[in-house]
Amino acid sequence: LFRRGHRALTSGTSSNRSGGGGALAVVVGLLVARCGTRVCVDREWGRSRRNRRSSSSSSSSSTTTGDEVLASPVSGRSYEEFAALVEDFRKPGGFGEELQARLAQRAAESRNWLEEWWEELAYLRPRYPNAVNVNYYAALFGAEPLLGSRDRETAAALATWYTVRFQQALARREVPAEKMAKRPLCMHQFTRMFGECRVPGEPKDELRVYEHTRHVVVLLRDQLFAFDVLRALPESAGGGFEVLSPHEILHQLRRVVARAGDASVTPCPEQHPPVSMFTGAERTHWARARGELLSLDPCNRRALEFVQTALFCVVLEEAEPVGADQLSAALLHGDGHNRWFDKSVQVVAFRGGRVGLNCEHSFGDAMVVVSMRRWIEDVLASEGGEHNPIQDSAPAADLLPDALPEPLQLRWKLNDNLRQQLATATTTLTQLLRNVRLHVLQFRGHGKNLVKSTGNHPDFWMQMALQLAGRRTFGRPVATYETGHTRLFYHGRTETVRSCSVEAQHFVDAMLQPESISDAERFELFQAAMEAHKQYIMRAITGKGIDRHLLGLRVIAQHMGRSHPVFEHPATQESVTFHLSTSQVGYSKQSFWGGFAAATNEGFGCCYTIQPDSYTVSISSYHVSKSDRCPNKFARELATALKEIADLVTRSNPSKAKL
């Protein structure tokens, strides 16, 4: 079940044999009966007073669904061997039916049969570091300085102010429940966005959410400082809290900078040990080091409590990244220093005024962060567009910041053993970060406007381009995952959308044979691939996907202390070796993007946003992979594929296309 990479459990691959049919179609399409999942959707804010279950079908009725999916490349004798194992698994009265019955019983007894298992298996039990493997980044405001603020502290103050305002809007339920096709979506993930921290443990980590917290923690030059960003109001004013003004937050940040010392002098590890580097270590290593920190001195316990209970962290970076590639790498990991990779949200500000986020994945998925960005966009529009509340106004006379308490510097005490462990963690993390390669493709050839004018969907369009670029890069169909949300369901997270369908590969085959196949035939195959992708997405987001269900069957088998050869067959293993990990994070008129690391050493992580006349794609890979796994090269292949698809569609359907 486990592979390195934050999307390891969601992966899916493609397989083809002569004459069609997919191996993964056999393993999941024939095996998985859709198990009822209780839906609990709030008409007011993501919760409901009544539950209903999704449809449940028999395993045999899933055959059609599975046959539309390509799995790992398998053919001939290997395929026949695998098919025989599947038939044994799904025979009447067999092991598959027993697993299904037990899973159905669990579903009948819980509001979400998957939630606990998914959180543990995808996040809390794996021992690889959070850094790179789990956390993702968001260039929330693109590559431009925030509201024109080229001063790091000013940009950080503004980003902090808007983030705390969003947190308060969530706390007061002023953020409307999101909807899809007029149906409300579960908002549970938003409740864990702030005041949350992942705490390392053995054999698994723990997610802790702290309520009634008022402070942030600032990381600068391997030092940590805490100060309140919410002020209690007197009862005469109605009680509650108000957010500090942007000027007050800026004043506190400047106090932090003044106390952190000369930026031109390298921090002294003896005086200011880089304890935050532990959070980028292997999880058991960090758990044991944390235990020793707690037992060594009360100041360590106090410092850890301040970080864990903070609303979020604010990182003041000394670097000034140039261009989208440098900015993205700095947001995803930087040099490993001055990050608390366990916090759900870290606001990262650079010299020059650029700002973004680094987010730990356990609390929720990237679209929660995208929702915050949209909220900030709406607030900016309602408050004067590009108005900068710091540069364009003076502090209010009655809110002079000198009355604010000094930020509290958090202190650490280490012994020789902890210093050695910290040195090991630092070396290991540094090597991990050196292996990451990241490139941002800013494709200007077309975007949402052209795609919609041809009657197509911009996301499906990108997925077909990824299939074409992937085939040219790998030379074969490979495991391809796209995120599909399941927030129509109580505490829903994600389901795998398997983009490497039979129809998609037929289209790719046709595109690679331009002389032997006409435009009309290729266009027909393109339309079929787009329709197949649409149908798969609809199944995934309505609780009729296959991967989470298959995971449930495997967990039941493990709890029984049993297995079946079909789970260990190479075709099954290949189906969860995810060489193309992809996700779409929304539409915007403004430039923004985010991303994550590849899920396999040989693969790519591709995260994209869609603008009216462009696509922005974060592409990651590892140095340890083959030379042709360079993200820049894949970006060129992807740009070529996007252009070729646009050319094909405009030639085949010129009456609709509007360049």
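Please read all numbers here as calculations on a predicted model, not as lab measurements.
- Counting only N and O atoms by type, the side chains of Arg487 and Gln189 include no donor and acceptor under 3.5 Å apart.
- In this structure, the side-chain contact (heavy atoms from CB on, under 4.5 Å) partners of Gln442, at least two apart in sequence or on a different chain, are Ala324, Val440, Arg444, Trp593, Thr616.
- Within the 6.0 Å centre-distance limit, the rings of Tyr123 and His361 are counted as a close aromatic pair.
- Checking Gln584 against Thr609 by side-chain atom types alone, no donor-acceptor pair falls below 3.5 Å.
- Counting heavy-atom neighbours within 6.0 Å of Met538 CE, excluding the residue itself, gives a total of 12 or less.
- Between Leu185 and Lys179, the closest side-chain pair of non-hydrogen atoms is not below 4.5 Å.
- Side chains of Arg548 and Thr496: a donor-acceptor N/O pair is present below 3.5 angstrom, by distance only.
- Across every non-hydrogen atom of Thr600 and Tyr622, the tightest pair is O-CD1, 3.6 Å.
- Partners of His564 according to the ring pair (Phe, Tyr, Trp, His ring centres under 6.0 Å) rule, which considers only residues two or more places apart in sequence or in another chain, are Phe89.
- Using a 4.5 Å heavy-atom threshold, the side chains of Trp461 and Leu642 count as touching.
- Counting only distance, with no hydrogens or angles, the side chain of Arg354 and the backbone of Glu144 share no donor-acceptor pair below 3.5 Å.
- Considering only heavy atoms from C-beta on, Glu178 stays 4.5 Å or farther from Pro184 through its side chain.
- Rounded to the nearest 0.5 angstrom, Ser614 OG and His446 NE2 are separated by 10.0 Å.
- Take Pro129 and apply the side-chain contact (heavy atoms from CB on, under 4.5 Å) test, not counting sequence neighbours, and it matches Asn133, Leu432.
- Tyr481 and Ser499 are not linked by any side-chain donor-acceptor pair at a separation below 3.5 angstrom, with hydrogens and angles left out of the test.
- In terms of heavy-atom proximity, Ala469 sits nearest to Ala641 at N-CB, 4.2 Å.
- Residues Thr483 and Ser583 bring a donor and an acceptor atom of their side chains to less than 3.5 Å of each other.
- Taking the side chain as every heavy atom from C-beta outward, Leu512 and Arg471 approach each other to under 4.5 Å.
- Glu377 pairs by the salt bridge (charged side-chain N to carboxylate O under 4.0 Å, His left out) definition with Arg373, not counting sequence neighbours.
- You'll find the side chain of Asn130 reaches within 4.5 Å of the side chain of Glu360, heavy atoms only.
- At least one side-chain heavy atom of Leu140 sits less than 4.5 Å from a side-chain heavy atom of Val369.
- No hydrogens or angles considered: nothing links the side chains of Thr582 and Tyr608 as a donor-acceptor pair under 3.5 Å.
- Under the side chain to side chain donor-acceptor pair (under 3.5 Å) criterion, Asp519 pairs with Arg522, Arg651, sequence neighbours left out.
- Take Asp647 and apply the salt bridge (charged side-chain N to carboxylate O under 4.0 Å, His left out) test, not counting sequence neighbours, and it matches Lys643.
- Under the side-chain contact (heavy atoms from CB on, under 4.5 Å) criterion, His333 pairs with Val132, Ala329, Leu433, Val436, not counting sequence neighbours.
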Does Gln611 form a side chain to side chain donor-acceptor pair (under 3.5 Å) with Ser588? I'd like the steps, not just the answer. CA-CA 5 Å; Gln611 285 86 37; Ser588 176; 5.5 Å; no

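- Classification of the His188-His491 ring pair by plane angle, with boundaries at 30° and 60°, yields parallel.
- For the pair Glu524 (side chain) and Ala520 (backbone), a donor-acceptor distance under 3.5 Å is absent.
- In this structure the side chain of Phe604 reaches within 4.5 angstrom of the side chain of Phe474, judged on heavy atoms.
- Not a single salt bridge (charged side-chain N to carboxylate O under 4.0 Å, His left out) links Asp613 to another residue, sequence neighbours left out.
- A cation-pi arrangement is present between Lys448 and Tyr587, with the terminal nitrogen or guanidinium carbon under 6.0 Å from the aromatic centre and inside a 45° cone about the axis.
- Side chains of Asp325 and His439: a donor-acceptor N/O pair is present below 3.5 angstrom, by distance only.
- Here the shortest heavy-atom pairing between Phe567 and Ala557 reads CE1-CB, 4.3 Å.
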Donor-acceptor contacts under 3.5 Å from residues 526-533 side chains, at least two apart:
{"unit_1": "Glu531", "atom_1": "OE2", "unit_2": "Gln535", "atom_2": "NE2", "d": "2.7"}
{"unit_1": "His533", "atom_1": "NE2", "unit_2": "Glu482", "atom_2": "OE1", "d": "2.8"}

Where do Phe190 and Ser371 land on the side chain to side chain contact (heavy atoms under 4.5 Å, CB included) test, with the steps shown first? CA-CA 10 Å; Phe190 290 87; Ser371 295; 3.7 Å; yes

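- The two residues Leu438 and Ser328 come nearest to each other via the heavy atoms CD2-CB, 3.4 Å.
- Taking SG of Cys630 as the reference point, atom NE2 of His623 lies at 9.0 Å (rounded to 0.5 Å).
- Checked against salt bridge (charged side-chain N to carboxylate O under 4.0 Å, His left out), Asp459 has no partners two or more places apart in sequence or in another chain.
- Proximity of Glu568 to Gln573: side-chain heavy atoms (C-beta onward) are separated by under 4.5 Å at one or more points.
- A pairwise comparison of heavy atoms in Phe82 and Val566 identifies CE1-CG2, 3.7 Å as the closest pair.
- Shown here are the side-chain contact (heavy atoms from CB on, under 4.5 Å) partners of Met367, two or more places apart in sequence or in another chain: Val370, Arg374, Val585.
- Closest of all the heavy-atom pairs between Ala479 and Thr577 is CB-O, 2.7 Å.
- With sequence neighbours left out, Ser518 forms a side chain to side chain donor-acceptor pair (under 3.5 Å) with Glu521.
- A donor-acceptor contact shorter than 3.5 Å links the side chain of Thr454 to the backbone of Val451.
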Check against side chain to side chain contact (heavy atoms under 4.5 Å, CB included), Val345 and Met193: CA-CA 7 Å; Val345 174; Met193 189 173 185; 4.0 Å; yes

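- Of the N and O atoms on the side chains of Thr494 and His485, not one donor lies less than 3.5 Å from an acceptor on the other residue.
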Does the side chain to side chain contact (heavy atoms under 4.5 Å, CB included) test come out yes or no for Leu332 and Phe596, once each step is laid out? CA-CA 7 Å; Leu332 180 61; Phe596 43 81; 5.6 Å; no

